[in-house]
Number of protein chains: 2
Amino acid sequence: MQKILTALCDSTRRAALAILWDGGEHCVCELMDRLGASQSRMSRHMKVLREAGLVLDRRDAQWVRYRRNPDLAPEFAAVVTAVLAAEHHTELETT
Amino acid sequence: MQKILTALCDSTRRAALAILWDGGEHCVCELMDRLGASQSRMSRHMKVLREAGLVLDRRDAQWVRYRRNPDLAPEFAAVVTAVLAAEHHTELETT
DNA sequence: TGCGCATATGCGCATATATTTATATATGCA
DNA sequence: TGCATATATAAATATATGCGCATATGCGCA
């Protein structure tokens, strides 16, 4: 629980989760580009998400592809979904 | 959003929220006792919750009574509820 | 084997956050 | 007014977090 909330407490990590949450696979370089984050920064953030159990990674040739962890306990998945939904909601208001 | 997640990122604050989330009013001294927190610590934690918009306070004689903010936007209330539910769930597992 | 791309990590710095101690403020009551 | 209770806050300190830079590692390809 604590690790998950800590992971959710950073906007770059939430943005990465928002991209991954559809279930697709995305490599670190794609996330870097889309979020405008430096390489080391992106890598570290993904490590936090991985260690919180929110995402899984898989090496594919020279890339590492991240994806949502499908085995995340439902009550934790609900937290992530609620946070992403709330953020999406407020973004729409701000725009 | 950021303030709400920061507020949720501390176990003492989550425990206080769990007590307040039923809608009742509770003074700081009660929260101190129930959570085993020192006075200044409890006061600061409640300030974080208040500034995140999660709770409201009201002075009643020499006490300050805190309660859940009923006007919290539903998408944020959903986040809090999901977090408290997840925590409650894991507590049951651990016990 | 050597090179280049993709990713991870150690290190140091700056900033944020939490905690304790001490003190200040507000209220009720004698 | 003076004291007790309840709460807030300031100062000092410890700890955590995020970041960039440099470097290491893994992989494909020539």
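Side-chain atoms are counted along with the backbone in the values below, which use heavy atoms only and exclude waters and symmetry mates. Protein chains get the first letters and strands the later ones, always in sequence-line order, with residue 1 at the start of each.
- Under 3.5 Å, the side chains of A:Gln2 and B:Arg14 contain a donor-acceptor pair of N or O atoms.
- Put simply, NZ on B:Lys3 and CD on B:Glu51 are 5.5 Å apart, with the number rounded to the nearest 0.5 Å.
- Looking at B:Tyr66 and B:Arg50, their side chains do bring a donor and an acceptor atom within 3.5 Å of each other.
- The pairing partner recorded for C:dT27 is D:dA4, the criterion being a Watson-Crick or G-U wobble arrangement whose two distances lie under 3.5 angstrom.
- Of the nucleotides present, D:dT25 is the one that pairs with C:dA6 by Watson-Crick or G-U wobble criteria, both distances under 3.5 Å.
- Residues of residues 51-64 of chain B that place a heavy atom closer than 4.0 Å to DNA chain D, in numerical order, are B:Gln62, B:Trp63, B:Val64.
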| said: side chain to side chain contact (heavy atoms under 4.5 Å, CB included), that's the test. Do B:Val55 and B:Arg68 meet it? Break it down for me. | reply: CA-CA 4 Å; B:Val55 303; B:Arg68 170 178 176 172; 5.7 Å; no
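- B:Val79 places none of its side-chain heavy atoms less than 4.5 Å from the side chain of A:Val79.
- Rounding to the nearest 0.5 Å gives a distance of 8.0 Å between OG1 of B:Thr90 and CG of B:Leu92.
- The distance from the CD1 atom of A:Ile4 to the CD atom of B:Glu87 is 11.0 Å, given to the nearest 0.5 Å.
- Here the side chains of A:Val48 and A:Arg13 are in contact, with some heavy-atom distance below 4.5 Å.
- Nucleotides of DNA chain D lying under 4.0 Å from heavy atoms of chain B occupy a range whose first and last members, 5' to 3', are D:dA6 to D:dA11.
- With rounding to the nearest 0.5 Å, the separation of CD in B:Glu91 from CG in B:Leu84 is 10.0 Å.
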Nucleotide N/O of nucleotides 18-21 of chain C paired with protein N/O under 3.5 Å:
| unit_1 | atom_1 | unit_2 | atom_2 | d |
| --- | --- | --- | --- | --- |
| C:dA18 | OP1 | B:Arg13 | NH1 | 3.2 |
| C:dA18 | OP1 | B:Arg13 | NH2 | 2.8 |
| C:dT19 | OP1 | B:Arg41 | NE | 3.2 |
| C:dT19 | OP1 | B:Arg41 | NH2 | 3.4 |
| C:dT19 | OP2 | B:Arg41 | NE | 3.3 |
| C:dT19 | OP2 | B:His45 | NE2 | 2.8 |
| C:dT21 | O4 | B:Ser40 | OG | 3.2 |

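- Taking CG of B:Leu49 as the reference point, atom CZ of B:Arg44 lies at 14.0 Å (rounded to 0.5 Å).
- Between the CG atom of B:Leu5 and the P atom of C:dT17 there is a distance of 13 Å, given to the nearest Å.
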